[in-house]
Every structure is written in C-alpha cells, then in structure tokens.
Amino acid sequence: MTATTALTALTALTLPTGPAAEAPRLVQSVDWLAIAPVVITAVVGLAVLVADLFVPERRKPLLGWISVAGLAAATATLLPLRAGDRGTFCLTGDPTACSYTADHFTLVVQFLVLAGALVTALLSVTAVRETRMPAGEYWFLLLSSAAGAALLPASRDLATLIVALEVASLPAFALVGMRRGDRLSSEAALKFFLSSVTATAVSLLGVSFVYAATGSLHLTQVADRLEDVPGQLDTLAMAGVALTLVGFAFKTAAVPFHFWVPDTYVGAPLPIAGYLSVVGKAVGFTGLVLVTVIAFPAYSDIWGPALAVLAALTMTVGNAGALRQSADRPNSAVRLLAWSSVGQAGYLLVPIAAAAYSGRDQIGATVAYALMYAAVNLGAFAVAALVARTKPLHRISDYRGLYAERPLAALSLAFFLLCLAGLPPGIIGLFAKVTVFRSAVDAGLGWLAVVMAVNVVVALYYYLRWTALLFRTPGETAGASGASGASGAGEPVAGARTRAPWPVAAAIVLTAATALVLSGAPQLVLRFASGSLFPQ
C-alpha cells in the first residue's frame, strides 16, 4: 500500500461523510458598505501620511484639503446605510452576535463624529499652515482618531470597543502636544495621556473580569449570561461592571475624573480643543451607552444610581468652575468652554442613568442632546479661532465689542451661547434640555431633575455675561492691560481686524446653519428621543 493510499484510507475512517460532515464556515463575508465610513477615513489618513514624504513644503496645504475631502466622502457614505439594518463580522454559530453593527444608533453617532471631524479639519487648514505644525503627522493623527471614533459606535463586542476607544484616544495625545516648544502644550498632552492610560487600564481590568464571569465578549451574549451568573462569580461580575464603567467615566470627563479637561483644552491647538470637546466626549458617552444599556442591563440597579450621582456632581462642578473664570485672565475663554463642557457632560449622563429605571428608549435624549451640543460647541470654538487671530490671549474680555468689529461672528457666537444656555432663539438648546429633563422625571429621578434645573439657571449667568459683552462698546476692560503685560509682548492691537480665512468662515457658517435649521425644526433631532434607537 502506497503512502497516498494509506492517507486516503485513514481520512475516510476518521472523517464523517454526508451532511454531518459539513464543517462550520470559518471564512466570513465582509459587508464593505457597512464599514465604508471607517475604512475611507483610515485609508485617507494613511494616504496623507505617505504623500507627505513626496509633497514639497510649499504644497503641504494640499494634504489638508485631501483630508477634508476624505472626511466629506466618509460622511456621505452614511446615506446608503440609513436603513440601519446591517451587521458584519458575526459569529458563525450565532449570526445575531456581530462585532460590527450599523444600526440607527451607530449611524447617528458616526454622523456626529465625522461631521465634527470635518469642521475640525476646516479650522485646522489655516492653523497648521500658520503655526508651522508638521502637516503630514497632524492630518494622519486627526484622521486616525476620527476613524477610531467612527468605529466605536458600531462595536458590539468588548474587545472591538476597547480597541476603537484607544485608536480614537492615542492620536489625540500627540495632537494635543503638537505645538513643539510650548510648555503648556506639553503639559496638557502629559496630563491627557496619564488620565487616559489610567482609564484604559481600569477598563481592561473590568473587561477581563466580565469575560471571566461570562465567557464571552459580545455585548448581547454578555447581557444574556449576566442574567444568570453562578453565585461564586457574582462578585467578580459585579466588580467587572463597576470597573468598566469607571474607565468610561474617565473618558467622558465625569466628576471626579475631570481634572485633565481645562489644562488640556488650554494647551491644545484650538481646533483640537474643539475636537476633544465634541468628538472625544461623543466617544466616551457612546461607549458608556453600549456597555450599560446593551451589555449590563442585569446590573442596572448598580450602574443606574451611580450614574445619576455622577450626573449631579458633574453638572454642578462644571458650572461652578465656569462661574469662577475671570474675564481678564489669559485663556479664560477657553477655560470657560472647558468647564462648560464638563457641565454639559452632566446633562448628557442624565438619560443614561434614566435608562436603568425606564428602559433604553431614554437613550434617544442623550443622542439628541449630543447632536445639539456638537453643532453649537464647535461653532463657539470656530468663532474663538477667528478672534484668536488678532487677540491670541483667549480672554473673555477680548470679545468686548465684537459686534462692532465682526457683526456676523458676534451674532453667531451669541446664538451658540444662547443654545448652550437653552434660551430663545436657541430653540434646539431649549428643547434638548427639556427632553433630558423629561427623561429624568419619567424615570422617577425627581431629585436629579431638580439638580439639573438649578444648574441650568446657574449656567445662564456666565453664558449671558459673555453674550452681553459681545454687544458692548469696544474698549479696554479693567485689568486688561495688566493681564496683557503679564503674558508677554507680541499681542496684536485690540480692534485690529484681519480678513477671516474662508475655511474658518465656512466652519462658522456650517455650524450656525446647522443650529438654525435644528432650532427651526427641532423634530429633526428630537424624533430620536421619541423612540428606541436600538432593537428590543
């Protein structure tokens, strides 16, 4: 008997034949359309990095426009996915357990992320050229972070979720410290890095505990198995849930994990500060929604009260920090926006906490509020970038009389601030706050609704104070000269007007137009709050 014959006979004896012999299919088909928004963003980032090696210095601005075009194309690919019924990278034994799902929640958050990155790119085109930051590295890092942020809302297993979170966060460290030789920039990058690494370590420890207790990483399977955890593993599962939530609380800048925010925003380039305030926050809240509402509903009696307390603390501390900002202090405008973003994070936490008591339909309120906040906060940073061209100290007092110098920019900033305050004509801000407030009441969290109402009234003071300053008579404010002298020479003369670069103007127009449309037809966003974004 030859070797070939013997091998054939052995195979016939050991392997079954017929229908039972069909092995599970291990090769998966990839839904390329579903993952197109992430893939396009990542591929354009790599293309820009490679092109930077060959493009001469005088043509480096071209890399920025390639990045803008790539982000616009990635955003456009969301249109064919609007049905929200796609999934890929699924388990062969359980087709309902997929690692990537393009449902309505995913598409809304991906739109927020990619559109926010697009506005950031428009603001960055001028900033990269004028501050002489390395173009290739800057655009590669921005696109890489945007790709990770776009991947995260589609992630439906804990491993993909953590990887997406880090892909979104790691490039952001370098972007914050991109201004070489700037002490504030280096300090901001270090604080951001240390806090984020700590958050990741805590999250990974929690995920490992959850996996040990359930034997799965897919969110739906984790949810099913946490319903019936053996008694000896219940403490381990509970610790895993708690540690995972603590890790994501770092990312959302919830109190007491918020200390890195003001210094990071001040030290980062202004477009990146705006990016972190919107896209970075969206990443943290998206991860928090996925792990609480989809993976850990069995422990809602633990994370529900915890998130309610975090929401109350976060909005209170954030608004208190914003109130303390002196108008004549250098960087006071950026610090006020930073503390304001902490306060807004508290409002965003309210519907997630409410979901523990009255179901996942409450998550729509967080999504609606996040969309409103993204448009108006990026708009505020866009106006700040315009004002900083002639008044680089970023003081609130620098905005005195802005209406006389730049009436359209002043009107836009006033509208953005009124939206954040929840006052007319910022109707979308008012309706978004009412939606969040209603979610707390419907969940029986009356005490949290009262805390939120008090904080909304407190926030009116510093938003309206800044708004009123825009329409005052131009001139020096008390103490402005002293603050200027303490910060060094080189500040342009107050009132000196330069032509607004059209990319910055385009960013202001886009965000203002979006906020106006949403204020005129708030149902475009608020309809997401009326029903579930997730299949039951």
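Excluded from the calculations below are hydrogen atoms, water molecules and symmetry mates; all remaining heavy atoms, backbone and side chain alike, are included. Position 1 is the first residue of the sequence, and the numbers go up from there.
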Heavy-atom side-chain proximity of [X] to [Y] below 4.5 angstrom:
X: Val128; Y: Pro61; result: no
X: Thr314; Y: His258; result: no
X: Val255; Y: Leu310; result: no
X: Leu349; Y: Leu288; result: yes
X: Thr514; Y: Leu518; result: yes
X: Asn331; Y: Leu393; result: no
X: Trp339; Y: Pro262; result: yes
X: Tyr463; Y: Leu418; result: no

Using 0.5 Å steps for rounding, measure from the [atom1] atom of [X] to the [atom2] atom of [Y].
X: Leu337; Y: Gln325; atom1: CG; atom2: CD; answer: 10.0 Å
X: Thr106; Y: Leu81; atom1: OG1; atom2: CG; answer: 10.0 Å
X: Ser145; Y: Phe173; atom1: OG; atom2: CZ; answer: 9.5 Å
X: Phe381; Y: Leu276; atom1: CZ; atom2: CG; answer: 8.5 Å
X: Ile352; Y: Leu307; atom1: CD1; atom2: CG; answer: 6.5 Å
X: Leu323; Y: Tyr461; atom1: CG; atom2: OH; answer: 7.5 Å

Checklist entry - Among pairs that include at least one residue of residues 417-426, which meet salt bridge (charged side-chain N to carboxylate O under 4.0 Å, His left out), considering only residues two or more places apart or in two chains? => result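 Sorted pair list comes back empty.
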Checklist entry - According to the salt bridge (charged side-chain N to carboxylate O under 4.0 Å, His left out) rule, which pairs have a member within residues 409-437, sequence neighbours left out? => result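 For residues 409-437: none.
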If every non-hydrogen atom of [X] is compared with every non-hydrogen atom of [Y], which pair is closest and at what distance?
X: Ala174; Y: Leu141; answer: CB-CD1, 3.5 Å
X: Leu386; Y: Val504; answer: CB-CG1, 4.1 Å
X: Gly70; Y: Val44; answer: CA-CG2, 3.9 Å
X: Ala268; Y: Arg179; answer: O-NH2, 3.8 Å
X: Phe415; Y: Ser519; answer: CZ-OG, 3.6 Å
X: Pro269; Y: Leu175; answer: CD-O, 3.4 Å

Next on the checklist: How about CZ on Phe193, more than 12 heavy atoms from neighbouring residues, nucleotides or ligands closer than 6.0 Å, or not?
Outcome noted: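 Incorrect, the count does not exceed 12.
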Using the salt bridge (charged side-chain N to carboxylate O under 4.0 Å, His left out) criterion, which residues pair with [X]? Sequence neighbours excluded.
X: Lys191; value: Glu187, Asp263
X: Glu130; value: Arg389
X: Lys281; value: none
X: Arg82; value: none

Item to check | Residue pair Met178, Ile272: steps toward the side chain to side chain contact (heavy atoms under 4.5 Å, CB included) verdict | outcome: CA-CA 10 Å; Met178 188 63 73; Ile272 299 304; over 6 Å; no
Short side-chain donor-acceptor distance under 3.5 Å, [Y] and [X]:
X: Ser358; Y: Asp442; value: no
X: Asn377; Y: Ser341; value: no
X: Ser124; Y: Tyr138; value: yes
X: Tyr462; Y: Asn319; value: yes

Would you find a donor on one side and an acceptor on the other, under 3.5 Å apart, between the side chain of [X] and the backbone of [Y]?
X: Lys60; Y: Asp52; answer: yes
X: Ser144; Y: Pro171; answer: no
X: Ser169; Y: Glu166; answer: no

Next on the checklist: Does the plane of the ring in Tyr403 sit parallel, tilted or perpendicular to the ring in Phe471? Use 30° and 60° as the thresholds.
Outcome noted: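 Plane angle between 30° and 60°, so tilted.
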Checklist entry - Would you call the rings of Trp260 and Phe192 parallel, tilted or perpendicular, where under 30° means parallel and over 60° means perpendicular? => result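 Answer is parallel, since the angle falls under 30°.
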Next on the checklist: side chain to side chain contact (heavy atoms under 4.5 Å, CB included) for Glu137 and Phe140? Distances and angles first, verdict last.
Outcome noted: CA-CA 5 Å; Glu137 290 92 330; Phe140 169 71; 5.8 Å; no
Item to check | Stepwise salt bridge (Lys or Arg N to Asp or Glu O under 4.0 Å) test for Glu405 and Arg400 | outcome: CA-CA 10 Å; Glu405 300 175 20; Arg400 181 185 179 97; over 6 Å; no
Checklist entry - Do Tyr373 and Leu420 pass the side chain to side chain contact (heavy atoms under 4.5 Å, CB included) test, and can you show the C-alpha distance, the side-chain angles, and the key distance before you say yes or no? => result CA-CA 7 Å; Tyr373 171 74; Leu420 290 171; 3.9 Å; yes
Next on the checklist: Checking Gln110 against Thr75 for the side chain to side chain contact (heavy atoms under 4.5 Å, CB included) test, could you report, in this order, the C-alpha distance in whole Å, the side-chain angles of both residues, the deciding distance, and whether it holds?
Outcome noted: CA-CA 8 Å; Gln110 283 184 336; Thr75 306; over 6 Å; no
Checklist entry - Salt bridge between Arg129 and Glu57, side-chain N to carboxylate O under 4.0 Å? => result no
